[in-house]
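First comes the structure, then the notes that go with it.
Nothing here was measured: the structure is a model prediction, and the numbers come from that model. Keep in mind that the numbers below use all heavy atoms, side chains included, and drop hydrogens, waters and symmetry copies. Below, read A as the first sequence line, B as the second, and so on, with proteins coming before strands; counting in each chain starts at 1.
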Number of protein chains: 2
Amino acid sequence: MPEEEIKLSERKQKILLVAVEDYIQKASPITSSAIQHKYAKSLSTATLRNELNALEAMGYLKQLHTSSGRVPTSKGYRFYVNSMMGDIPLDKKVLNEIHQMFEKRTVYLGEMVGEIASVISKATNYPTVVMLKGFEKLVIKNVKIIPLLTGQALILIETNSGIISNSMESDEKIPQQSYIDASNLLTKTFCNSTVSDMIKNMPKYIEKMDSEVKEFSTIFTTVIKSLRTLTDNLTQKGGITARGELKLLNTPEYSDPQKAKQIINVLSNPNEIKEVFSEDSAEVSFQIGSEIPVEELKDCSIARADYQVDGKSIASIGIIGPQRMDYAKIASALKFVVGEFQNLKALTHKEEKEGDKK
Amino acid sequence: MPEEEIKLSERKQKILLVAVEDYIQKASPITSSAIQHKYAKSLSTATLRNELNALEAMGYLKQLHTSSGRVPTSKGYRFYVNSMMGDIPLDKKVLNEIHQMFEKRTVYLGEMVGEIASVISKATNYPTVVMLKGFEKLVIKNVKIIPLLTGQALILIETNSGIISNSMESDEKIPQQSYIDASNLLTKTFCNSTVSDMIKNMPKYIEKMDSEVKEFSTIFTTVIKSLRTLTDNLTQKGGITARGELKLLNTPEYSDPQKAKQIINVLSNPNEIKEVFSEDSAEVSFQIGSEIPVEELKDCSIARADYQVDGKSIASIGIIGPQRMDYAKIASALKFVVGEFQNLKALTHKEEKEGDKK
DNA sequence: GTTAGCAGTCAAAGCATAAGAGTGCTAACA
DNA sequence: TGTTAGCACTCTTATGCTTTGACTGCTAAC
């Protein structure tokens, strides 16, 4: 994107920032006299009108109709966000809530994703979507197959960030000990492989297996089948978890249920969300209004950050709100969550050697 | 409730049923001429007006204002529902969807509850609430403690209807084998006890333990601590899982987001929901309008059924909609879900002896 | 008991008017 | 050249009034 823009005078910048801030708070168009009160007691409203007019001509503001106040454009919000970044005040109450969630952390990856979405949504008062991105890139650390009384068995795969769990049908004729031995064998073979590698290489592996452990092949085949359905399920519904969708109704711009429903529908549509979340986002980033590649969301904004392990995005977290959303508060929440996530990961790695001893 | 009511003439009954049915479909007040079209081509509208007038006097119908059509009262809906019960047409499409959910059933109780709520809500198009009621009355069949690499351990308790799982802190100094032995001991001791019994009797049990297995007491204490937090958590948020809250916006009576939000708030309030779900409901039952003991829901209806094991309600399922909801379809869905649940239970019991052999 | 017919009622829609909030523009001033 | 006062202009919103049409209630006759 070329920087051909004539840069704004100091005063215009200040006026624009005040205007956007005011609109974010009040949700009603900014008037020249409001700016006068907030920022420039020494200037007359007429002067400010001239400035506002200029800002409008440059595309930072727009009017809904002649004789109405101004409203920021996507470009206006973008300016505001850019000049705000790096200066994000952390909201203590929000941080506390999030921290508490991580304290009583769940070990199951699936559950964790839901809790993260819930807690962010609660803290920010906006709908939050979490998309598992590189699920199959997770690194296997330990595999356990646990036969149940119901004729099923539980597969527990510890990875470098949380446990993946699924159930499979178990065969009554196979003794319990075989499941334990099979688990150990799987762990030894695929420790430090990714989940997708395990799924891919398993058939080859089964073929080459020593004849003495051939009896495990049934188990392994079932494990892979179960993992395949799990990943299929995830890719089908896109690994998307949305929470707090209703909070959208709190904001005046979506108090019309029709509008709100339209957006909420998009939130559960894997294809659209995938498009929005396609680019990785190591830092907190914003997609503002027209920058969002989905038609229905063109008057929303999305705050995003990825949870990354070894530079790879495992999950994308996104907060959806009106363009007029409280960027500072939201950035603060997101930043903190991703940070806590990183802590968790450190914890997992710390204990890694411990596990190897067995 | 005394049956002091003068009973309705055949014709009045028929008119009332037609009226309620029509209102459920169209959501607009019933007029005398609508009834004439649907039911009584041979009668004049004037006659029907007389009848409607009588039904209003008896409290089955009411007018929003003079010169408007009639709308059923709670009493009117109640009459409709009572005369409909026992004659519930099963909606094939709905049943199919529910059945598919049960096919790929989850083994975790917590997850299962969420899925049930989702699938019913999707099938009926109304918000659905599931409340775990007698969670601690579940009968323990098998206990497994599984140490993880992260310095935590997973507690898996198989019960007579699903797995309860929670994590606990594990002690690095305790060898893996001890966890396995401790699990077996727990299973042997508490098999066929309820969860609450286990929590209650554990301290006594630890005291009386042979000195040779005294080393397990640390493990057992941690297990109980973890189970306590789990049950505390559940009772705190009341074991309530709501899904599809948004569907409320689909119905014209709650297209006002304020109204909808008010109701949705109640759905996540454990105290209010507990009150609504207080009475056990072995069969599908309805609470209609004024019959609901919560002020905010007095113009809703709730369809309910319990999932019971050995005559005890384990979970209550409730579907919330406007009084004008499609009782037949909803009853069909509920009935079917509870039935499939019962099948699951049968499956679990079938395999029971299998598990004992180890 | 049933019915035709007519008067009466009320909600909803349409229209005109008035009020009010802001801007744009011009002309004058520093 | 930047700033300002002042006034005309625009457009939204609120309000009241009127009309329309859908129903019912009631009466009198069958």
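- Aromatic ring pairs are classed by plane angle as parallel below 30°, tilted from 30° to 60° and perpendicular above 60°; the pair A/Phe79 and A/Tyr60 is perpendicular.
- Contact between the side-chain N/O atoms of B/Ser67 and the OP1/OP2 oxygens of D/dC23 is not found at any separation under 4.0 Å.
- Within the 4.0 angstrom heavy-atom criterion, only backbone atoms of the sugar-phosphate kind lie near A/Ser42; the bases stay farther away.
- Nearest heavy atom pair, residue B/Glu245 against residue B/Pro127, reads O-CG, 3.7 Å.
- Between the side chain of B/Thr66 and the base of C/dT9, no donor-acceptor pair under 3.5 Å is found.
- Taking atom CD1 of residue B/Ile35 and atom P of nucleotide C/dT2, one finds them 15 Å apart after rounding to whole Å.
- Distance alone, capped at 3.5 Å, places no donor-acceptor pair between the A/Lys62 side chain and the A/Arg70 backbone.
- Using N1 to N3 plus N6-O4 or O6-N4 for Watson-Crick, or N1-O2 and O6-N3 for G-U wobble, each under 3.5 Å, D/dG21 pairs with C/dC10.
- For the OP1/OP2 pair of D/dT27 and a distance below 4.0 Å, the side-chain nitrogens and oxygens of B/Arg49 include no atom meeting the criterion.
- Atom CG in A/Leu61 sits roughly 15 Å away from atom C1' in C/dG22 (whole-Å rounding).
- Residue B/Ser32 places at least one side-chain N or O under 4.0 Å from the OP1 or OP2 atom of D/dT24.
- Dashed line: the shortest gap from a side-chain N or O of B/Asn53 to OP1 or OP2 of D/dT24 is not under 4.0 Å.
- Position along DNA chain C of the nearest nucleotide to A/Asn50 versus A/Pro29 favours A/Pro29 as the more 5'-ward residue.
- Side chains of B/Thr47 and B/Ser44: a donor on one and an acceptor on the other come within 3.5 Å.
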Every protein N/O within reach of nucleotides 13-19 of chain C N/O, cut-off under 3.5 Å:
none

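- Residue contacts for B/Thr47: at a heavy-atom cut-off of 4.0 Å it reaches a base atom on one of the strands shown.
- Closest approach of A/Leu248 and A/Ile320 over heavy atoms only: CD1-O, 4.3 Å.
- With C/dG5, D/dT24, C/dT23 as the candidates, the nucleotide lying closest to the side chain of B/Leu52 is D/dT24.
- A donor atom on one side chain and an acceptor atom on the other are found under 3.5 Å apart for A/Gln323 and A/Ser74.
- Across every non-hydrogen atom of B/Ala117 and B/Thr128, the tightest pair is O-CB, 3.7 Å.
- A heavy atom closer than 4.0 Å to some atom of DNA chain D occurs in no member of residues 15-24 of chain B.
- For B/Arg11 and C/dT2, the CZ to C1' distance is 9 Å, given to the nearest whole Å.
- Residue B/Arg70 has a polar side-chain atom (N or O) positioned under 4.0 Å from OP1 or OP2 of D/dG25.
- For A/His65, the listed nucleotide lying nearest its side chain is D/dT12; candidates were D/dT24, D/dT12, C/dT3.
- Inspection of the A/Asn82 and A/Arg78 side chains reveals an N or O donor paired with an N or O acceptor under 3.5 Å.
- Shown here for B/Ile319 and B/Met325, the closest heavy-atom pair between the two residues is O-CE, 4.0 Å.
- Under the 3.5 Å distance criterion, with hydrogens and angles disregarded, no donor-acceptor pair is assigned to the side chains of A/Lys274 and A/Asn269.
- Taking atom NZ of A/Lys26 as the reference point, atom P of C/dG22 lies 11 Å away to the nearest angstrom.
- Atom-to-atom, CD of B/Glu51 to C1' of D/dT24 comes out at 15 Å; the value is rounded to the nearest Å.
- Residue B/Gln63 has a polar side-chain atom (N or O) positioned under 4.0 Å from OP1 or OP2 of D/dG25.
- Heavy atoms of B/Leu64 sit nowhere under 4.0 angstrom from any nucleic acid atom.
- Judged by distance alone, the side chains of A/Ser301 and A/Tyr327 do bring a donor and an acceptor atom under 3.5 Å apart.
- We find that NZ of A/Lys41 is positioned 19 Å from C1' of D/dT4, with the value rounded to whole Å.
- Going from atom CG of A/Leu48 over to atom P of C/dG22 covers 14 Å, rounded to whole Å.
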